[in-house]
Amino acid sequence: MNNLAINGGSSVRSDEKKWPKWPQYTASTIAQLTSVLESGRWTISGRWTGVEAKESEFARQWACFNSVPYCVLTPSGTTALTISLEALDIRAGDEVIIPGLTWVATASAVVNVNAVPILVDIDYDTLCLRPEAVEAAITSRTQAILPVHLYSCMADMDALRDIARRHNLAILEDCAQAHGASWRGMSAGSLGDLGAFSMQQNKVLTAGEGGAVITKDPDLYDRLQELRTDGRRVRSPKTLHPGEMQLVDSGHVLGSNYCMSEFHAAILLDQLSRLEAQNRLREANANYLNRALKDIGIHSLLRLPQMEKQTYYSYVIHSTPEAFADRPASVVCRALEAELGCPVKQPYKPLNDNSLYCPQSKHRYMTNQRHWDELDPRRFSLPDAERAYQQSIVFPHWTLLGSCEDMQDIVEAVAKVRLHAAELPGS
Ligand SMILES: Cc1ncc(COP(=O)(O)O)c(C=O)c1O
C-alpha cells in the first residue's frame with residue numbers, strides 16, 4: 001500500500017470518483033414544488049382551496065409511517081423538541097435528563113422552556129443514554145427523560161421505559177437522527193410519550209429545514225397543535241368551503257407560529273417515497289462494512305438486538321488506541337478524509353465542554369441565582385462521552401448510498417490508515 005495521502009502519497013479514491021450527492025431530488029420533487037406554487041396556498045395558515053394541504057398530507061403519512069395516530073409538523077427539530085416539552089407541561093426549574101453527547105439543540109430546547117438539562121453520561125458502545133446513569137440522576141425535580149437515538153443507534157428503550165414508569169416520568173424521544181429505526185417492532189418516536197424529528201438538510205429525510213412531533217396521545221396532540229399554531233387548531237376539510245380559513249381559534253394554551261410551509265411539506269412528501277429504499281441500501285452497505293472492518297479489527301457501534309430496523313444517520317467506528325497506534329480520532333479522521341475525499345468527523349464535543357452550549361449567555365434564562373448556577377454545564381462529569389469524542393469516527397449517511405466499490409474503498413482506506421497509523425502525528 002502507498003504512503004498515506006495526508007503525507008503526500010496517492011489516495012485510495014481518485015478525484016474523479018464521486019460520492020452520492022445529498023440531498024437528492026428528481027423531476028417528481030420539482031413537480032411537487034410546482035404544484036404548491038400554482039395552488040395559491042403556501043401554508044396551512046392560508047385559505048382552504050378545496051384540496052388537502054401538503055402539510056396535512058405529510059403529517060398523516062408520517063404518522064402512518066410510524067404507526068401512530070398523530071403528527072404535528074414544525075419548521076425544525078429544535079421547535080419540535082420545544083413544543084414537545086411545552087406540551088408535557090415542563091415548568092421553570094424542572095429537570096430534564098438528556099445525554100451529554102448530542103447536538104446542542106437537545107439541550108437548548110430544554111433551556112428554551114426554562115427547565116434545567118441534566119447531562120448524563122452515555123454508554124460508550126452505543127453512544128446513547130446509559131440507563132443506570134439516568135436512574136442515578138433522578139431527583140424530586142426530574143420531570144422527563146429525553147433520550148437521543150444518536151446516529152440512528154437507539155437507546156435502551158426497555159430500560160428507560162421501565163425507569164420512567166417507576167418514577168412517573170415522561171419520555172420525549174429525540175429522533176432527529178433515527179427516521180425509520182424500530183425497537184421491538186415499534187418506530188423510534190413511538191416508544192415514549194412524544195417523538196421529535198428534524199428534517200434539516202443532513203437528515204435522512206429532509207426538506208432543507210423541518211421538524212415533526214409524533215404521539216399516540218390525543219390530549220398531547222391537541223396541545224401540540226395549539227402550541228405550534230398560535231393557539232389555533234386545524235379544522236377538518238369536511239366542514240370547509242374554498243376561501244375559508246382552515247385554522248380555527250382555540251386558545252387553551254399560548255402558542256407560537258411554528259408552522260411548516262407547504263413547500264417544505266411538498267418536498268418531504270416526495271422524499272418520504274424514497275426513504276425506505278434508501279434506509280435498506282444504507283443498512284446493506286453498513287452490514288457489509290461491519291463484516292469487512294471486523295476482519296481487520298475495527299468495530300462499529302453496538303446496535304442492541306431489540307433494534308429490528310437499523311437505519312444509519314451516520315456510520316460510526318471506534319478508533320481504540322490499539323487500532324490506530326494511539327493516534328486520536330481527530331488525526332485519524334483527517335487521514336481518512338484525505339484517502340476518501342468525503343467528510344469524516346469526530347462525534348459532537350460533550351455538552352459539558354462544548355462552546356455551542358452556553359446557556360448562561362442568555363440573561364432571559366436567569367429566573368433566580370440557583371437556576372443560573374444549575375445551568376452551568378461544567379458541573380457534569382461525562383467520562384464516557386469524552387472517551388467517545390476522542391475515539392469515534394463518523395462517516396456521513398450518504399456514503400452508505402454508494403456502490404459495493406465505494407464500500408470497498410472505505411474498507412481499504414481504514415485498513416491503510418490503520419497500517420500506517422504510526423506515521424501520523426500524535427495530535
Ligand atoms: C440529535 C439532534 N437533536 C435536535 C436537532 C435539532 O434539529 P434542527 O436542526 O432541525 O433544529 C438535531 C439537528 O441536527 C439533532 O441532530
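This is a predicted model, so every value here is computed, not measured. The first residue in the sequence is number 1, and the count goes up from there.
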When you compare the side chain of [Y] with that of [X], does any pair of heavy atoms fall below 4.5 Å?
X: Arg235; Y: Met245; answer: no
X: Met157; Y: Ile171; answer: yes
X: Trp183; Y: Asp158; answer: yes
X: Thr29; Y: Arg274; answer: yes
X: Ser39; Y: Thr49; answer: no
X: Lys17; Y: Asp409; answer: yes
X: Leu301; Y: Leu127; answer: yes
X: Cys259; Y: Thr229; answer: yes

Rounded distance [0.5 Å steps], [atom1] in [X] versus [atom2] in [Y]:
X: Leu194; Y: Leu172; atom1: CG; atom2: CG; answer: 6.0 Å
X: Asp123; Y: Leu302; atom1: CG; atom2: CG; answer: 7.0 Å
X: Ile267; Y: Glu262; atom1: CD1; atom2: CD; answer: 12.0 Å
X: Leu336; Y: Cys342; atom1: CG; atom2: SG; answer: 8.5 Å
X: Leu272; Y: Gln278; atom1: CG; atom2: CD; answer: 10.5 Å
X: Leu129; Y: Ile97; atom1: CG; atom2: CD1; answer: 8.0 Å

Hey, is the main chain of [Y] close enough, under 3.5 Å, to the side chain of [X] for a donor-acceptor pair?
X: Glu226; Y: Val253; result: yes
X: Glu57; Y: Glu52; result: no
X: Arg233; Y: Gln225; result: no
X: Asn285; Y: Met407; result: no
X: Glu86; Y: Val113; result: no
X: Ser152; Y: Gln177; result: yes
X: Arg379; Y: Glu374; result: yes
X: Asn257; Y: Asp230; result: no
X: Glu173; Y: Gly189; result: yes
X: Thr102; Y: Pro99; result: no

- Should Asn290 and Tyr315 be marked as a side-chain hydrogen bond (donor to acceptor under 3.5 Å, both in side chains) after you check the CA-CA gap, both sets of side-chain angles, and the distance that decides it? CA-CA 10 Å; Asn290 288 344; Tyr315 184 76; 2.7 Å; yes
- [ ] Would you sort out whether Thr79 and Ser76 count as a side-chain hydrogen bond (donor to acceptor under 3.5 Å, both in side chains), showing the intermediate values?
- [x] CA-CA 5 Å; Thr79 45; Ser76 66; 2.8 Å; yes
Are [X] and [Y] close enough for a salt bridge, meaning some N to O gap below 4.0 Å?
X: Arg166; Y: Asp162; value: yes
X: Arg13; Y: Glu412; value: no
X: Arg184; Y: Glu308; value: no
X: Arg41; Y: Glu55; value: no
X: Glu283; Y: Arg303; value: no

Pick out which of Tyr313, Trp62, Phe65 makes a ring pair (Phe, Tyr, Trp, His ring centres under 6.0 Å) with Phe197.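 Checked Tyr313, Trp62, Phe65 against Phe197; only one passes ring pair (Phe, Tyr, Trp, His ring centres under 6.0 Å): Trp62.
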Quick check, are the ring centers of His264 and Trp42 under 6.0 angstrom apart?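 Not under 6.0 Å, so no.
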Could you check Leu81 against Leu146 for side-chain contact (heavy atoms from CB on, under 4.5 Å), going step by step and ending with a plain yes or no? CA-CA 10 Å; Leu81 286 168; Leu146 206 174; 4.2 Å; yes
Residues Leu227, Tyr258; criterion side-chain contact (heavy atoms from CB on, under 4.5 Å); working and verdict
CA-CA 8 Å; Leu227 285 162; Tyr258 292 147; over 6 Å; no
Greater than 12 external heavy atoms within 6.0 Å of [X]'s [atom1]:
X: Asn368; atom1: CG; result: yes
X: Asp373; atom1: CG; result: yes
X: Arg141; atom1: CZ; result: yes

Which atom of [X] lies closest to which atom of [Y], heavy atoms considered:
X: Ile44; Y: Gln246; answer: CD1-OE1, 3.7 Å
X: Thr82; Y: Asn112; answer: OG1-ND2, 3.6 Å
X: Val234; Y: Leu247; answer: CG2-CD2, 3.7 Å
X: Asp121; Y: Ala133; answer: O-CB, 4.1 Å
X: Ala265; Y: Phe58; answer: O-CB, 4.2 Å
X: Ala329; Y: Tyr389; answer: CB-O, 4.4 Å

**Asked** Do Gln200 and Lys203 have a side chain donor and acceptor closer than 3.5 Å?
**Response**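 Result is yes, a qualifying pair exists.
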Could you walk me through whether Asp270 and Ser28 pass side-chain hydrogen bond (donor to acceptor under 3.5 Å, both in side chains), step by step? CA-CA 7 Å; Asp270 176 69; Ser28 66; 2.5 Å; yes
Full working for salt bridge (charged side-chain N to carboxylate O under 4.0 Å, His left out) between Lys345 and Glu337:
CA-CA 9 Å; Lys345 303 290 176 201; Glu337 282 187 337; 2.9 Å; yes
Assess whether side-chain hydrogen bond (donor to acceptor under 3.5 Å, both in side chains) is satisfied between Tyr357 and Asn352, documenting all intermediate values. CA-CA 8 Å; Tyr357 181 48; Asn352 60 347; over 6 Å; no
Report yes or no: is the cationic atom of Arg387 (NZ for Lys, CZ for Arg) closer than 6.0 Å to the six-membered ring centre of Tyr124, at no more than 45° off its axis?
->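 Here Arg387 passes the 6.0 Å and 45° test against Tyr124.
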- Message: Working note: Asp249 + Arg232, criterion side-chain contact (heavy atoms from CB on, under 4.5 Å); need CA distance, chi angles, decisive distance, verdict.
- Response: CA-CA 4 Å; Asp249 291 2; Arg232 294 169 290 175; 3.6 Å; yes
Do Thr142 and Leu169 pass the side-chain contact (heavy atoms from CB on, under 4.5 Å) test, and can you show the C-alpha distance, the side-chain angles, and the key distance before you say yes or no?
CA-CA 7 Å; Thr142 310; Leu169 304 175; 4.0 Å; yes
